[in-house]
Amino acid sequence: TTSLNSHAAAGGSTDLETIVDYVHLLAGGLWAGMLLQLGLAIALAVPLLEERAPFLAASVRRFSLIALPAVGLIVATGLVQSLDRLGALDDIFDSEYGNKLAVKVALLAPLILIAGFNLLLFGPRFLRLAKGSAQAAKERLPGWERAFRSAIVLEVALVVAILAATALLTNTSPQGSANTGNDTAAPLATPPADSGLVKADDVTLSVYADPGKPGANQVNVFILYSKDSKNQDVQRVILRYRYLDDDLGGEDEAFPAQAG
């Protein structure tokens, strides 16, 4: 349901791009959920065990078997989404959507580095301690445990920050969301007689959806000036979409006004 109401579905994208969005959400949720479970196991179960090193070594290995493919899917699908929703590389710095996307990527990069650090350092270390002498494990394991626990806490904190950045990103329209892929301006039509009319100062707006049925619709906004209108230089029109049944927030979409 989330993917069917996402930028991929709402922006006129193909079914494949909506599936990419779904896979991105699924992989991210899987990684975050497993990371939380690993953190709870270390905090609650490990202190009760006598043989901690084998448990920690097995936990890191099993977590990595699923986390590595999940991270690969997150990065790959995220790259596809970025290329689809950003009109140009400059949009990362010149648009609100691009700025929030950059923050998300900046949070994801250290998270991936910490995950690799856990896999390449802590996993092999716990395995060597499990295979070594009991005396060596007793002396060295507590320090490695504390370091590993700190790394997991930092990972969880970064995941929470990424989820917050994702929430802000979801509520922001991509720069190219109104772009239909055709740079040629569509010919201006005449508003139908039964279109909704609203008065704003001395300007009348006509708003209607075509075809006005469930599914994909084209929203048309006409600015009707009277002879005495003082505001005849409207530069931009902003549409705000909101759910009527539930308070799910809104989404703004801006279009340049065309003379006609």
Side-chain angles (χ1 to χ4, degrees), residues 1-10 18 20-47 55-56 58-82 84-86 92-93 95-123 126 144-174 243 246-252:
T1 302
T2 301
S3 289
L4 295 179
N5 289 281
S6 66
H7 290 310
T18 302
V20 168
D21 184 75
Y22 180 82
V23 172
H24 186 75
L25 292 173
L26 181 63
L30 181 63
W31 186 23
M34 289 186 56
L35 182 62
L36 181 60
Q37 292 186 40
L38 180 61
L40 290 175
I42 293 172
L44 301 178
V46 171
F55 177 84
L56 290 169
S59 298
V60 173
R61 181 178 61 82
R62 292 172 182 172
F63 173 79
S64 301
L65 288 177
I66 300 178
L68 285 177
V71 171
L73 286 174
I74 291 171
V75 173
T77 54
L79 181 60
V80 171
Q81 290 175 322
S82 300
D84 176 50
R85 297 170 191 174
L86 292 176
I92 296 178
F93 310 101
S95 67
E96 183 182 3
Y97 184 87
N99 293 338
K100 293 178 180 180
L101 178 61
V103 171
K104 182 180 177 181
V105 173
L107 292 170
L108 181 62
L111 181 61
I112 294 176
L113 289 176
I114 295 174
F117 190 80
N118 293 342
L119 173 64
L120 299 176
L121 180 64
F122 287 109
F126 289 140
W144 285 101
E145 267 189 68
R146 287 191 296 270
F148 184 54
R149 190 178 295 111
S150 298
I152 295 298
V153 170
L154 182 56
E155 278 191 272
V156 172
L158 286 171
V159 167
V160 172
I162 289 174
L163 291 177
T166 302
L168 295 174
L169 192 64
T170 303
N171 203 36
T172 305
S173 298
Y243 291 93
D246 297 291
D247 186 12
L248 301 179
E251 183 172 342
D252 293 351

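Computed over heavy atoms, backbone and side chain alike; hydrogens, waters and symmetry mates excluded.
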Working to the nearest 0.5 angstrom, can you tell me the gap between R62 CZ and L38 CG? 12.0 Å
Quick one, N118 with E155, criterion side-chain contact (heavy atoms from CB on, under 4.5 Å). Give me CA distance, side-chain angles, the key distance, then yes/no. CA-CA 10 Å; N118 293 342; E155 278 191 272; 2.6 Å; yes
Please table the atom pairs, donor to acceptor, closer than 3.5 Å between any side-chain atom in residues 99-113 and protein atoms at least two apart or in another chain.
| unit_1 | atom_1 | unit_2 | atom_2 | d |
| --- | --- | --- | --- | --- |
| N99 | ND2 | S95 | O | 3.2 |
| K100 | NZ | E96 | OE2 | 3.1 |
| K100 | NZ | T172 | OG1 | 2.8 |

Ignoring hydrogens and angles, write down the donor-acceptor pairs under 3.5 Å from the side chains of residues 23-35, residues two or more places apart or on other chains.
| unit_1 | atom_1 | unit_2 | atom_2 | d |
| --- | --- | --- | --- | --- |
| H24 | ND1 | I74 | O | 3.3 |
| H24 | ND1 | T77 | OG1 | 2.8 |

V60 and S64, any side-chain heavy atoms less than 4.5 Å apart: yes
Calculate, to the nearest 0.5 Å, the distance between atoms CD1 and CG belonging to I114 and L158 respectively. 5.0 Å
Option from F55, W144, F148 for which ring-ring contact (aromatic ring centres under 6.0 Å, His included) with F126 holds: F148
Hey, what do you get for CG (L73) to CG (L68), rounding to the nearest 0.5 Å? 11.0 Å
